[in-house]
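Notes to accompany the following structure.
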Amino acid sequence: MASWLFKSEPDVFSIHDLEKRRREPWNGVRNYQARNWLRDSVQEGDEIFFYHSSCPEPGIYGLMRCSRTGHADASQFDAGSEFYEPAAKLEAPRWFQVEVEFVERWKKPLLLPQLKTCEALKELALVRPGNRLSIMPVSDAEAAVIKGLR
DNA sequence: GCCAACGTTGGC
DNA sequence: GCCAACGTTGGC
């Protein structure tokens, strides 16, 4: 079982939203590196840290789990969606989504400054300068450290 | 709101 | 295939 970290702007979709809805497609990812992980690597049962970005207190707010592996992101075919991708073909989807399910919301989030000062997490893509990935792998060792910090 | 970093686009 | 311009991300 692998671990991942997914970012979302809480104004758009937060851990509270997922807690209410329990399961949700993780769609709208429009970055090729992230797409490749969604398509090829994220497996059912993988644990995923839920990170809130672009908000007053960025950080990890809880845990979710992959409940369905990569499949075509439906929003690419929806002309009314902000994620519409005219060049995508049904038989050759360009963008992928996974389904996630709620696991737990942390009473106390693990905020970015804590993550940044942790020596054992200095290789984590999240805290590397200029990182812009919305989806990134987390090693087993890093996942253990994150859970230990909480 | 600012701005650094970086991915993407498009002209050549 | 290079690379400048542009747009977006995301912390502060």
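Sequence lines set the chain letters: A, B, ... in the order given, protein chains first and strands last, and positions in each chain run from 1.
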query = When the ring centroid of Trp95(A) is compared with that of Tyr32(A), is the distance short of 6.0 Å?
reply = yes

inquiry  = For the residue pair Arg30(A) / Ser75(A), report whether a side-chain donor-acceptor contact shorter than 3.5 Å exists.
reply    = yes

task = Please check if any side-chain donor atom of His71(A) sits under 3.5 Å from a side-chain acceptor atom of Gln97(A), or the reverse.
result = yes

ask   = Between which nucleotides of DNA chain B, read 5' to 3', does contact with chain A run, using atoms under 4.0 Å from its heavy atoms?
value = dA5(B) to dT8(B)

key: Test: Arg35(A) and Asp73(A) ion pair at under 4.0 Å   = no

ask   = Can the ring centres of Phe50(A) and Trp26(A) be said to be less than 6.0 Å apart?
value = yes

key: Glu101(A): which of Arg21(A), Arg22(A), Arg65(A) passes side-chain hydrogen bond (donor to acceptor under 3.5 Å, both in side chains)   = Arg65(A)

Heavy-atom pair of closest approach, residues Val138(A) and Trp4(A) = CG2-C, 3.7 Å

message = Tell me which residues in residues 122-129 of chain A lie within less than 4.0 Å of DNA chain C, going by non-hydrogen atoms.
response = none

